[in-house]
S.K.: 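Before anything else, here's the structure in question.
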Amino acid sequence: MSLSSRLRRALPRPTRRRVVSGSVVLVLVAALVGWAVWPDRPGWTSADEQITVKTGPAGAESVDLDARLYLPRDRSGKVPAVLLAHGFGGTKDSVSDNAEELADRGYAVLTWTAQGFGRSGGQIHLDSPDYEVRDAQGLLDWLAARPEIQLDATGDPRVAVVGGSYGGALALLLAGQDARVDTIVPSITWNDLTKVFLQQSADTTATGVFKKGWAGLYFGNGAASLLPDQPVQKNEDPACGRFAADVCAAYLSLATTGTADQATLDLLRKSSPATVLSKIKAPTLLIQGEVDTLFPLSEADANAKGIAATGTPVRVAWFTGGHDGGAGPQTDQDRVKYLTVQWLDHYLKGEGDAPSDSFTYSRVAGFSALDRGLVTNGYSTEAYPSLSGTGSTQVSLEGSAQPIANPPNGNPAALSSLPGTGGRLSELLGGVAADIPGQYATFESTPVTGAIEVAGAPSIQLRAASPTGEATVFVKLYDVDESGAETLSAGLVAPVRLTGLPTSIEQAQPVTVTLPAIVRRIDSGHTVRIVVATSDQAFLTPAKPVTYTVAAGSTLTLPTVVGTPIANPQTVWRWVLGGLLVVIALGLAVVLLVRRGLRRRRHDEVIEEYAETPLVVRELRKAYADGFVAVEEVSFTVQRGQVVGLLGPNGAGKTTTLRVLMGLTMPTGGDALVFGHRLMPGAPILSRVGALVEGPGFLPHLSGYENLRAYWRASGRPEADAHFDEALRIAGLGDSVHRKTKKYSHGMRQRLAIAQAMLGLPELLVLDEPTDGLDPPQIAEMRRVLKRYATDGRAVLVSSHLLAEVEQTCTHAVVVNKGRIVASGPVDDIVGESPSVQIEVSDVPAASAVLASLGVKSVLPDGPSGLIVDMNGTPRSEVVASLVRAGVDVDRVVPRRRLEDAFLALVGDNSRGSGDR
Amino acid sequence: MSAVTGYRPSATLPIWAEVRRQASRRRTQLALGFMVLLPIIILVAFEFGGGNDDDGNGGGAFGSLVDLATSGGLNFALFCLAVSAGFLLVVVVALFCGDPVASEASWGSLRYLLAIPVPRVRLLAVKLVVALGYSLVALLTLASTGLLIGTLRYGWHPLGSTVAAAIPPGQGLLRLLGIVAYLAIIMLVVAGLAFLLSVLTDAALGAVGGAVLLWILSSILDQITALGSVRNLLPTHYSDAWLGLLSTPPQVDDLVKGAIAAICYATLFWSLAFWRFTRKDITS
């Protein structure tokens, strides 16, 4: 078979119905994809604004702020506003996503680029109350003048301030300076810049350790205004960039010495919300990151305590992210977004109940297996437990006093975090941490016996001795698993700077070191390791080499919080899965019940009139989907004891008729009844029919015998009913019956197929071209078999395109051509002698004359030397005698038969079947 | 009396008869045999392959499983499953599910089964159940062979993973069973697709190849991030979600979504197959 015809077989024929349904499916799929990727029409409009505000200590300077106002598209009346502030180094564009979301929720959102950044004028004053905060007050005035904005009083807009980091501090400072602010949502921001950049984790008054990594990064960010596409400011100092001179000077001094003079301290203090907390009356939602070495959880803790002290509502939430961790996993982002919206809806719009006081946080559960991102679980407690937890666990540490060396100029230095890489959470948690040998001391616990759910700031006693009287060390808490892999939670370290130390460890007084707050589950069997190191790349350490001696106290206090897990919204899919299974099971049950009912009704119907007739075919018609009519109208009956021949040329519709009889094809019209039951696919009555249609079909890898067994097993009937021996005798394959059928010749397969059709001795045997491929003795044997088969009240229907075959085998014949019955009746009736003979003579004209004189009915020429003569009762002997007498040689006289007449007259010269029409 | 004595529609084509029909076929024996052979080949490769050449597997969640494969029987079995899940299992399942109806049609034996008569729904149901059974046996054979020879060679150790702490052996065995179960569910899509094609065509190879082809096509589309959320609807989108069972605690959200997708697709394909088969004219 050629490839193209194979393809044609494999592919469905393109009928009108298929084309239509195919196009419909295609259009639906295209529509679905289109719908999925079609951009939504935003629910807001936005306009860029250039807002000029008064700034400076006296309010005498003017500065242009590059701003953008988002307004909800479908607003009814005036709407409350949100002042959305960006982080350090950003512009109004950095918060556009947030702004759009809030505008979608029905708020007017004003974003602006803080002075000293982007296209706004002015200089960076680090959220100074005289500059950036005053700018924001000017924006409040501007908002109050807008007709779209809801007002609390004249000049007092209904407004919230939302922002992260630099913007978060602005929210706090503005709320402390301007009572018009109705609520604030500051996130990942600071409380006191002096403590942030000079971090001190021990309870001592000594100045802390300079956080050079982050400070340098931020200073670089602010100085980076000399970008090609930004307007160059006049009088710009390359050392300071767009930083205000006082800020620049403070940085340069701090970064050089590592200690702060009073002017620097004052400047940093001024930019710290810590100074205004008691004045904040706006309800505050504080969101702080657990993976944040710049503004650790302790900053938010201080803010929360300060604001709550005056009775202002404060709510705290932690998420797994921050300046090191980025926005965090999706679940955390969703939670923070939900909390923010809930907060604003209540305190700004006045919608919804007051948010509860509950505290929510998240803990890393592992990596996402698919995208390698972090997966966190959310937890909640009824109230904010601060950094000391709701409980605590003491862990004993072992380890004696150890000497550790401070490297000159802090090089090489241990690595704990990578400031500014932002969002590389998995690396931080996977452990970039590395300590330098000789520079650290370890104090380790025994494996913990039960899991410890740490949430808060652990604390430990530390003693140190130094020949210089001063020591700068970094205390870290590692979680060490059974295999020895250590993890520094979120890369957080506790910098400690001690002064007035003795030179000998014996005389050293213990100080309490509070480690950065972490959220971590220390699993059972893990150990806790406290490392005291002399250097860290993120901090400025003394330049001179010196060797300290350090000893940790024997008790580490771990604050614990046991939170209630927040239901993961994803669990809804589990219910969906369960529901889906139930629906499928129910659907299956319904379909099966309905089918069973239909089936019973259909198959139990019996037409009594034909209950004893093996086969009645009534006005059968079959038209295929492409319009081809294989059977126009066929009716015939097969009675018990008959061997009926279905005779017709190839393509006359014989096989299609037989297919209907096997329940393979549904007729388009009419029906076929077997013992009064209508035949349809799977009708039980088919069990009384044995069939061979369109050649044998066997499993090629099984032997003939195994094929018969497999066939019978599939019938599910008792083995004794099969009459294998009889069937095998009919097949007559001898030992070949045990060979694989793929090695059989065509004739062997044919005989095996007839044997298979006879298995169980069915009452009606239907055979399509049974003698195909058999040799003459086998054909003769087959005739005997079929005749004998029909004797015990059984019936046989044989189809053939060979006249002789039907004539010799059948008791009755049905002649079909082009899908219609041409003739039918007992073979004897239609095979009886016909009144015509075929004569071959030497001289056709002479013979014709002689015959005409004899008074025959008609004489027709048949080939060059033949004549067909309708005798009209004249005996054949007389015709021959007359011809011979007249001197015409008679070569042959052949009596013609009715069936042949009928067959040839209708099928005749034109042996093409209906299939060729 | 409508049917002949001894004939009951529900007794035709017994499951066991279909099991034997398929068991005697060479491709069944070869496919199952290969499931035994593959872990052995991998083991031999690990033993004689020299090991430490870092070519290929440039990271990724999957590549790291290679490093752990020799750390214990559980990890070895996991590795065998991981390397097979993408293609080999797909082919084997497509073979078992795409072949049975189409091959009967191409041999011409389908019409004789239907003339017994085996009700069409029953014929399809039995073929489907047996095909799924063979697919499951293949999957279990692969996993258990891997576990057995891996344990014999590398010992009974915790199930290591690069995304979380090692999982103790008892728990690890459960996780491995979970992974096998999830793979079985995901493969239902292939089974459904192959079975549908098997009903639509008489060419067994076309059904098997078509199912594998569409699976690969879906995998490729899933790699194109520009398609955005449409990818979530692809049957292969969650095919690697079983990796979530290696983390502690197990991340089952994606598994649940994958299972929902697989069951939806399989139900759709099977429904279409039954709908088509009970209506079509058998012309082979």
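All chains are named by letter (A, B, ...) in the order of the sequence lines, taking the proteins before the strands, and each is independently numbered beginning at 1.
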S.K.: At a heavy-atom separation under 4.5 Å, does A:L702 approach chain B through its side chain, its backbone, both, or neither?
M.R.: side chain
S.K.: Check whether A:L580 gets within reach of chain B through its side chain, its backbone, both or neither, counting any heavy atom under 4.5 Å.
M.R.: side chain
S.K.: Return each pair, listed once, that meets salt bridge (Lys or Arg N to Asp or Glu O under 4.0 Å) where at least one residue sits in residues 244-253 of chain B; pairs must be two or more places apart or across chains.
M.R.: A:R574-B:D253
S.K.: At a heavy-atom separation under 4.5 Å, does A:Y711 approach chain B through its side chain, its backbone, both, or neither?
M.R.: both
S.K.: Mind checking side-chain contact (heavy atoms from CB on, under 4.5 Å) for A:R794 and listing every partner two or more places apart, or none if nothing turns up?
M.R.: A:L761, A:Y789, A:D792
S.K.: Give, as side chain, backbone, both or neither, the part of A:A753 having an atom under 4.5 angstrom from any heavy atom of chain B.
M.R.: neither
S.K.: Compare all side-chain heavy atoms of B:V4 with those of A:P762 and state whether any distance is below 4.5 angstrom.
M.R.: no
S.K.: Could you look at A:E706 and say if it's the side chain, the backbone, both or neither that has a heavy atom under 4.5 Å from chain B?
M.R.: neither
S.K.: With a 4.5 angstrom heavy-atom cut-off, which part of A:K622 approaches chain B: side chain, backbone, both or neither?
M.R.: side chain
S.K.: Can you sort out the partners of A:W573 under ring-ring contact (aromatic ring centres under 6.0 Å, His included), two or more places apart, ordered by chain and number?
M.R.: none
S.K.: Of all heavy-atom pairs between A:F698 and B:W107, which one has the smallest distance, and what is that distance?
M.R.: O-CB, 3.5 Å
S.K.: For B:R120, is it the side chain, the backbone, both, or neither that has a heavy atom closer than 4.5 Å to a heavy atom of chain A?
M.R.: side chain
S.K.: Listed by residue number, which members of residues 260-267 of chain B have a heavy atom under 4.5 Å from any heavy atom of chain A?
M.R.: B:I260, B:I263, B:C264, B:T267
